[in-house]
Structure formats: C-alpha cells, structure tokens
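Here is the structure we will look at, set down as structure tokens.
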Amino acid sequence: MSTAAPVYDPAAIEPVWQARWDAAGLHEVRDDVPRDKCYYVLEMFPYPSGKLHMGHVRNYSIGDAVARYKRMRGFQVLHPMGWDSFGLPAEQAAIERGAHPKAWTYENIAHMRGQLQRMGFSYAWSREFACSDPGYAAREQDIVLDLVERGLVYRKSSLVNWSTGLNCVLANEQVVDGKCWRTGTPVIQKELPQWCLRITSYAEELLKGLDQLQGGWPDAVLAQQRNWLGRSEGAEIDFAVDGHPEVTLTVFTTRPDTLFGVTFVSIAPEHAALDRIVPASHRAQVEAFKAEVRATSAQERMGDTAEKKGCPTGAFVINPATGAKVPLYAANFVVADYGTGVVMAVPAHDDRDHAFAVKYGLPVIEVIRPAAGEAKPVAEAAYTDPGVMTGSAQFDGVASEEAKGAITAWLESMKKGRKVVTWRLRDWGISRQRYWGNPIPFTYSDTLGIAPVRKQDLPVALPMDVAIDGKGNPLERHPTWAVTANDGSPLTVKGPTGPEPARRETDTMDTFMESSWYFARFTCHDNRRDDLGCAAPLDRARVDHWLPVDLYVGGIEHAVLHLLYARFFTKALSDLGYTGVREPFKRLLCQGMVCMETLYREGSDGKKQYFYPDEVEVERDAKGRVVSAVAKSDGQPVLVGRVEKMSKSKRNTVDPQALVDLYGADTCRLFVLSNVPPELDVVWSEDGVKGSHRFLKRVWVLAQEQRDRLLAVPAFAGHVRELSGADQAVGRKIHATVKRCTDALEKDFAFNTAIAACMELSNELDPAALSPAVLRAGIETLIRLLGPMVPHLAEELWAAYGHAEGLNAAGWPSYDAEQIAADEADYPVQIQGKVRAKISLPRTLTGPALEAAVLGHPDVVAALAGKPVKKAIIVPGKIVNLVV
RNA sequence: GCCCGAGUGGCGGAAUGGCAGACGCAGCGGAUUCAAAAUCCGUCGCCCUCUAAAGGCGUGUGGGUUCGACUCCCUCCUCGGGCACCA
C-alpha cells in the first residue's frame, strides 16, 4: 500500500477519453436498428459566433447527458451537431475587420468544434454539416423549387418591416416593440417585392397539431404558438357603399350579433378601395390623414399608447341588416392586412368603438342587454359581455351568443355575409437583401419574366469575390454574378423563341429556412442524387426512420420563430413526399438561461457602467447578504444589480473555456446540471462550481483509495437480506438511488435530483463501516449513475475497477424495488394532525393486526394520555393519524 | 386588457394528498496547518428558553375540501414571460 492513489487531474484524463471515444467511433450510429431501440436527441445547433458561451454549455450538457443515458439503456442514439452558419454577424465581421464571411465563419466553426470536443459531448461527428456548406445550401434550393411547384412560394410587393440598422427586411416576429430584435434600431414600413412562403395554408394543421404536442412540449410554448397563429372565428359582412354600386366594403367581425348596433364603419387608410369612394369634398382631408399615418413609425403606431384617430371620408355605407346609412371613417388603428381592413363599429358593445364615438360625437345604439340585472347605460360605457338581443328586429329576445350564428346564417341566405375564420399568422417573407445567405433560385428575363431556376442548373452558388462594406446588397452590386451561369457563360433562360439573357435574383433567404429542416438532413446528411440526376434533399427511408426527434433541447426564445417554421416545413416536406412525418419534435425541453449578478455604477446621464466580477470586491454578512461592494481600482462603491442573463454588454459573463482549463469539462458539465431543474434559470456562482468540483474529487479519491483492496472482492450482487447493519442500509440505499436517478431522468430529465441522489449515496459510502463487497457495489453503482453527466471521470474510474468494456457496455444499473424498504416501517403517529410519536413496526403487519399494534404501542398510549380514539387512519408503511 | 408560469430557510432548490426544507451553496463551531489554501468532522427554518427538554409558529394572502394540503378547489396580492389598436 505504498503507492499513493492518483490525484484527480481532469486535464490529464479528459482528452485521453475523448480520443478513445473518437477512435472507437463510439458515438456514430447505425440506421438499421428497429426504431423502438433508437433514440434521436438533438440540441438546437449554434450560430458559429466565435466561441462557446455558458448558454451553449448548459444546452449541450443536457442533451449529452440524455444521449449517454439512453446509450447506457441500450438505445442506438442519434446525436448530431452542425452549424447555423449563414447570417448577419459574418457580414458584420467583414465590415468591421475585413474578414471574408466564409473564412470568418469556418474559422469560428473549427474553433467551436474543438471546444465542443473538449467538453466531451458525444456527437456523431461524421454527420456534421454547416448550413453554408454548398451541399446543404444546394439541397435547400431544391426544396424551394419543389415548394414553387406546389404553389407554396409566391412573390408579392408589400409593405415590409425594414430595419434601419441592418438595411434589411425583418419578419413580423423579428420586430420587437417596433424595433429591430437584433440592433434595437427603429423599424420603418417600406414597399418592397418579397418572396413569401404560404405558411398560412397550414395554419389550421399547425394549430391542431399543438394538441398532440400537449404533454411533450412546455405549455408556455404551446400557448405562445396558439397566440401567434391567432385563430379567430367570425363573419364577413358586406356593406354597400352609398352612390357606388360597383364597390362593396366587406368587414370582418367576431360580433355579428351586434350588427344592428353599427353606427359607423372604420377603414384602414391604406385600403385600396378608399380612393374610389372618397368624394371630392373630402379628398384633401383624407390624403392628409393618410400621409400623417404613413409618417407615423411602426413603433408609434403599435402599442396601446398611440392615440386613436379617425378622419371622416365623406363616404357612407349601408348596413345590410337595417338599411341604415352610416359614415365611413379612415382610422389609424385599423390594420390593412388583418381581416379585411374594414371594421364595423358598435360603440354600445365595444370599448374602443365607444371611445371613438364619444370623441367624434357619433351615436351609440344598444342592441344587447344583460340577461339579468342592470348594466351601466351604454352612453356611459360599452357593454361587452354576452346578453339578450334587443333593437335587432326578428332577433330580439335571443341570447346574443346564439344570435351570432343566426345573424350570420340570415346574411348568408341573402348573400350579404358568410362565416369565416381569420388568422393573425401572416405568410412568411423570406427575402433578405444580404450576401451571406442562401440565394433564392429565380431569374428575371424579358419574355419569361420571373422564373424558377431549372433543377439541373442548381445550385446557385454564392460568389466569393464580393465587396462587403455595409452599403447595400453585395450580390446586387457584383459586376457579373447575376448574369453569369455556373459554367461562366452568360446566363440565359429558355424563352419561347430560344435562349434569352437573364438576370438572377440577388436576394438571399431568411436564415430560418436552414434551421427549418436541418434536423431531417442529419438523418441522411450524405444523400446525393436521385435517379433523375437531380440532387435529392432527403432520403425518405432514413428520415422516416429517425423522425420525429425524440427530444429537442433548446432555448425558449425560439418558441414561435424557429419552432413554428420547422413545424411548417415538416408538413410541407411531407406533402412533397420527402417524409411521412408531420410533426418534427415529439418532446421539447426548453432549458433556462445562465444568469449572473450584475455590478454597475449609474452615471449622471442614467447610463449604467458595468463592471466585471473580478474588478469588484463584494462583502457579505453572516446571512450571505451583500453589505458593500467597491471597485478594486478606486475603492469607490459599486451597485450590485439584479441577476440577469449572461451577456457581454453587462459584463456578467464567464468564459467556459476558463472553467474547463481550471476545473475540467466534467465539473463544468456537472455544475450546469446541478441544483436547478433544466427548465429554470441557473445562477452562476464560483462557489457552486467549486461545490461540483469538490464532489467529483470526493468520488475520485474514495474510488481510487479503495481500489486496490476492493479489486480483491466481487461487488455485492445478492439480496440485501443477506446483509446486516450498515451493509444492509447501504445495500438498500443503492437500490433506492438507482430508482431515484432512473425516475428523475425518465420523467422530467431532472438531473438536479439525480445528482442529489448520487451525493446522498456517496455520503453513505464509508469505507470504515462497510464490507468491501458492499462498498464496491456502492462505488461502482455511483460511477455508472454519474456516467451520463461526468463521462470522463466515470469511464476512468470504471476502467480502474477492471472493466475493460466501458460504460455503454456496462449499461445503466437496475434496481429491485422490493429491496429498498426496510423490514421495519417507521410510522410517524399524528394526533389531530400533529406528529406526537414515532414508532417502528414490521412492514408485514396490515389491517386489524397493524391497528392493534399501533394502538397498543406504549409510545402511542403515552401520547394519547388516556384520550379515547375516535378514528384511526392507518396507512400501511406510511403514517398513522389518530383523531381523539 | 387577454393568455401562460411561478411564489417554500440567508440563497438555489427537494417533497405519487401522508414526518416540509432532501441535496448543494453560504454561515457558524472544531480538527489538520507555523500560517493559508485544500481537506475532514460537527452544526445550521423562525420564536420562546441560561442551555436543554418540552412547546409554539412556519411553504405569498384569505377561505374551502380532507383524518391529513407545499400539493386539490375558489378569492386576492406580488413577480416573471408571452400577446395586443386583431375588429
């Protein structure tokens, strides 16, 4: 026993195991195993921004622990990784430091791949690809052409959200509070031709599909998607325009029951019919109003702070129900592309209409009364609840909810209205005036006009010789690219009379396109060409084998954007025949953010100046509360701000690389899985990391110090009844711990409680108190349970205990529920709900025998102090509650 | 305004309707050390109490269901997130 046990040196063991796994191809996966023995776990792939941050580490540690756990359970696990590598920062880097986007991107990828490998994540690296790889981008162009054939791609000129910061179009969901989601710069409305994907034709299925995802997806995400789709049932009602028999204005309303109470109609200022029906007397006024609205930024126009303004158009429309002539107002709050862009106004039963009517002196007509009791007079406030119809001719007396259908049917019979469903969801504009993206494969020519590139002429590849200076689209300004074919000859298309010169579309695709199908491509990343000689984006057999993804792990910030597009794409790909799967992600786990305390000073201008943690000295009291914080540089006080998501701008970041260098990958992985369930935010703390490290060191030292003597005995594998004393207790604990870890991982991926269970077990592994066989069983079980989370340490120790085959071969330990509970059950005895005694009785006792034993127990008799027991609730093995 | 979530020690959190606070962090006491780091042992909800025993109070608020509620139901409060001139 003279040789000292090896010290825990992660830097020495971790790279060795990484190299071994790699050499053995341990994380590559076969496609020919029955599906029920397969598991597809995927983490949202990163944008290659340069280096890994703690958010990545948390995301990927969760996914990797699941992947390794499932492998230990005998599954073939597909666990791929790739790069969401098109996008703006590459161009930003080009502008700022002259790096070519491609070079910058692929250098970042190389560095980050190295970091992922150093973390020991078990990816099937052979399947890796980047979205900017010619192979992937080209396959995506194929898909676009397929979508064109199915009528899912169209071009329309429309007002788009234009980011003044990025000089680029944004999707609705990229506009946050009227500002660009990336740069925070104002977003203005600009008229531009756009390529659009008809996601709205899948609206109904996208909504219905959410029901099936219930239970597998977080409720918050389902709710957000429902919200976003915004299904609204109502009616379209046609209003004739007075003096203009050729024009009909159709309104959309969810309250057809209030039709008899319409006192005016509002129309979006941009509405196409407006110019035709405004009389000369009002033209100037309306034009001025339109100009005013147009000048209002999207930011001001949205939100409830904006003033509701209207302008009489001089035109009148006719209520199809009553024949009443009511004024038409142009109103700034009517949205042109929701519903029909025309709204019937019922001041008596709608708050906004009421306010508008008061402001412009318009009449209020009551058509619904409360079913019981009295409401405020409608002149004072709108009554918006259901009630009983009044002032509505033949519908009087009917419940308003019923009248909705009745009035719609009546209108339908007169061909003046119809039941309709509208959606908040808009089609997906995919055009971006950017270089570092996938070109949209279309051409323009004189006689053919706009035409898709023929499949055999794909791919449309990005040119490398571009000038990127932030002044417009580099593709548009490239001297030859747009008019040159792949072979270098002038670009032509087949016109009716022969080849004619053509020009390429210079817009590239929204990068959400790439992330909408990469999970499918991972199943067949090498699929090349089909019989027609055309590139086939997907191999249906393999896609259907692996999809849907069993577990998808990523941030909640993608709740609507990416996850809705990916669902849409999957349905579209299915309709194209590329897969039979219609929902891509069976289970979704949204991990919380990695947060940290902020430290700052507030300048006189209210601007915060942030400090890095190592620039500040923080003093705490006995309870751990902050007493004071001062900057090391000047000794002046610093404010301790709230805990916020780690970000460079707030200087509250920790570089995972530094952690790995100091503590090793296993400590880093363990920390981000500890203490908190994966879906909650985790607050980074140096002490917490040290705690994780301490635990691993303890396990290491215990296992290594005991190794030599334990190798002489086999691990205990019998029934705990054969044991006694501490051995038996620990024997039971081993079974209990395996059960707890198994349940935690199977049910909720609750790594925090699994780790807690492992710590409890390790706390009980006392070499002085246990027989070698039981100690060995405890240590070896612990090693296996920790395997998915801290694989390097676990493999190293597993090997040290003489197992040549590795943890996957060893498998996940099993437990026997029967061996967990002790023969004697401890019963807390409650009297009137308060615990007054604790007694121990054989677990085999039940029924009347148990009751007799309880009531006869001296401690119970003493606690009762002679009071008669009115009722005794005795739950076998659990608890006793006596009512006196 | 509408739709989701969440409120438990100093902190993060744990708990199929059955002993609230597992596990970790911080704190406190001690061992080791010349000293520190590291490590180890003990202790650790609050109140009352010299200490202890024994009590009492405790899962945001108020009520309800139940032998028994952190857990289920209703009310309100606070915080977080999402949506919103959407007709």
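Residue numbers start from 1 in every chain, and the chains themselves are labelled A, B, ... in the order their sequence lines are given, proteins ahead of strands.
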Across the strands shown, which category fits [X] at heavy-atom distances under 4.0 angstrom: base, sugar-phosphate, nothing?
X	answer
Leu882(A)	nothing
Asp350(A)	nothing
Asn763(A)	sugar-phosphate
Gly691(A)	sugar-phosphate
Pro218(A)	nothing
Ser674(A)	nothing
Arg226(A)	nothing

What integer distance in Å separates [X]:[atom1] from [N]:[atom2]?
X	N	atom1	atom2	answer
Lys733(A)	rA22(B)	NZ	P	12 Å
Lys404(A)	rA87(B)	NZ	P	11 Å
Leu696(A)	rU39(B)	CG	P	12 Å
Asp681(A)	rC79(B)	CG	P	18 Å
Arg740(A)	rG13(B)	CZ	C1'	13 Å
Asp337(A)	rC85(B)	CG	C1'	14 Å
Trp684(A)	rG24(B)	CH2	P	20 Å
Arg694(A)	rA37(B)	CZ	C1'	13 Å

Could you please name the option among [options] that lies closest to any side-chain atom of [X]?
X	options	value
Leu680(A)	rG13(B), rC86(B), rU39(B)	rG13(B)
Arg426(A)	rA87(B), rC86(B), rC40(B)	rC86(B)
Asp687(A)	rA87(B), rC67(B), rC25(B)	rC25(B)
Val676(A)	rG12(B), rC3(B), rC23(B)	rG12(B)
Pro677(A)	rC83(B), rC85(B), rG13(B)	rG13(B)
Glu760(A)	rG24(B), rG5(B), rA22(B)	rA22(B)
Asn752(A)	rA15(B), rC40(B), rG13(B)	rG13(B)
Asn332(A)	rG81(B), rC85(B), rG55(B)	rC85(B)

Worksheet item: Please, what dot-bracket string fits RNA chain B when only Watson-Crick and G-U pairs with both distances under 3.5 Å count, crossing ones use [ ] and pairs to another strand use |?
Response: (((((((..(((.....[....))).(((((.......))))).(((.......)))..(.(((..]....))).))))))))....

Discussion item. With a 6.0 Å cut-off on the ring centroids, do Phe264(A) and Phe356(A) count as close?
Written reply: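 Close enough - the centres of the two rings lie under 6.0 Å apart.
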
Discussion item. For Arg836(A) and Met344(A), find the nucleotide of RNA chain B closest to each by heavy atoms; which residue's nucleotide sits nearer the 5' end?
Written reply: Arg836(A)

Worksheet entry | Along RNA chain B (nearest heavy atom to each residue), the more 5'-positioned of Val682(A) and Lys697(A) | Val682(A)

Kindly say whether, by distance alone, the side chain of [X] makes a donor-acceptor pair under 3.5 Å with the base of [N]?
X	N	answer
Arg352(A)	rA87(B)	yes
Lys870(A)	rC67(B)	no
Lys308(A)	rC85(B)	yes

Under 3.5 Å, is there a donor-acceptor pair between the side chain of [X] and the main chain of [Y]?
X	Y	result
Trp700(A)	Pro6(A)	yes
His271(A)	Val342(A)	no
Ser400(A)	Ile368(A)	no
Asp681(A)	Gly592(A)	no
Asp257(A)	Ala403(A)	no
Arg231(A)	Glu204(A)	no
Asp666(A)	Leu793(A)	yes

Discussion item. Measuring only the C1' atom in each nucleotide, how far is rG42(B) from rG82(B)? A whole number of Å is fine.
Written reply: 49 Å

Fill in: Rounded C1' spacing from rG9(B) to rG60(B) in Å
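The answer is 15 Å between these two C1' atoms.
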
Discussion item. Under the criterion salt bridge (Lys or Arg N to Asp or Glu O under 4.0 Å), I'd like the reasoning laid out for Arg694(A) against Asp687(A): C-alpha separation, chi angles, the key distance, then a yes or no.
Written reply: CA-CA 10 Å; Arg694(A) 189 153 46 217; Asp687(A) 290 323; over 6 Å; no

Which protein N or O atoms sit under 3.5 Å from an N or O of nucleotides 16-18 of chain B?
from: rU16(B); atom 1: O4; to: Lys878(A); atom 2: NZ; distance (Å): 2.1
from: rG18(B); atom 1: N2; to: Asn881(A); atom 2: ND2; distance (Å): 3.3

Item to complete: Would you mind calling rG9(B) syn or anti? Take O4'-C1'-N9-C4 for purines or O4'-C1'-N1-C2 for pyrimidines, and syn is within 90° of 0.
Response: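 Syn conformation for rG9(B).
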
Item to complete: Establish, with yes or no, whether the OP1 or OP2 oxygen of rC19(B) is under 4.0 angstrom from a side-chain nitrogen or oxygen of Tyr827(A).
Response: no

Worksheet item: Which heavy-atom pair separates Glu233(A) from Thr254(A) by the least distance, and what is that distance?
Response: O-CG2, 3.6 Å

Discussion item. Pair Ser840(A), Glu824(A) - check side chain to side chain donor-acceptor pair (under 3.5 Å), show working.
Written reply: CA-CA 6 Å; Ser840(A) 190; Glu824(A) 290 273 302; 3.1 Å; yes

Fill in: Close side-chain approach of Thr667(A) and Leu659(A), heavy atoms under 4.5 Å
no

Worksheet item: Taking side chain as C-beta onward, heavy atoms only, is Asn319(A) less than 4.5 Å from Phe239(A)?
Response: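 In contact.
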
Discussion item. Using the rule given for salt bridge (Lys or Arg N to Asp or Glu O under 4.0 Å), can you reason through Arg426(A) versus Asp337(A), listing the C-alpha separation, both sets of side-chain angles and the distance that settles it, and then say yes or no?
Written reply: CA-CA 9 Å; Arg426(A) 306 295 149 80; Asp337(A) 60 349; 3.1 Å; yes

Please tabulate, one pair per line, each protein N/O and nucleotide N/O from nucleotides 31-33 of chain B that are separated by under 3.5 Å, including the distance.
none

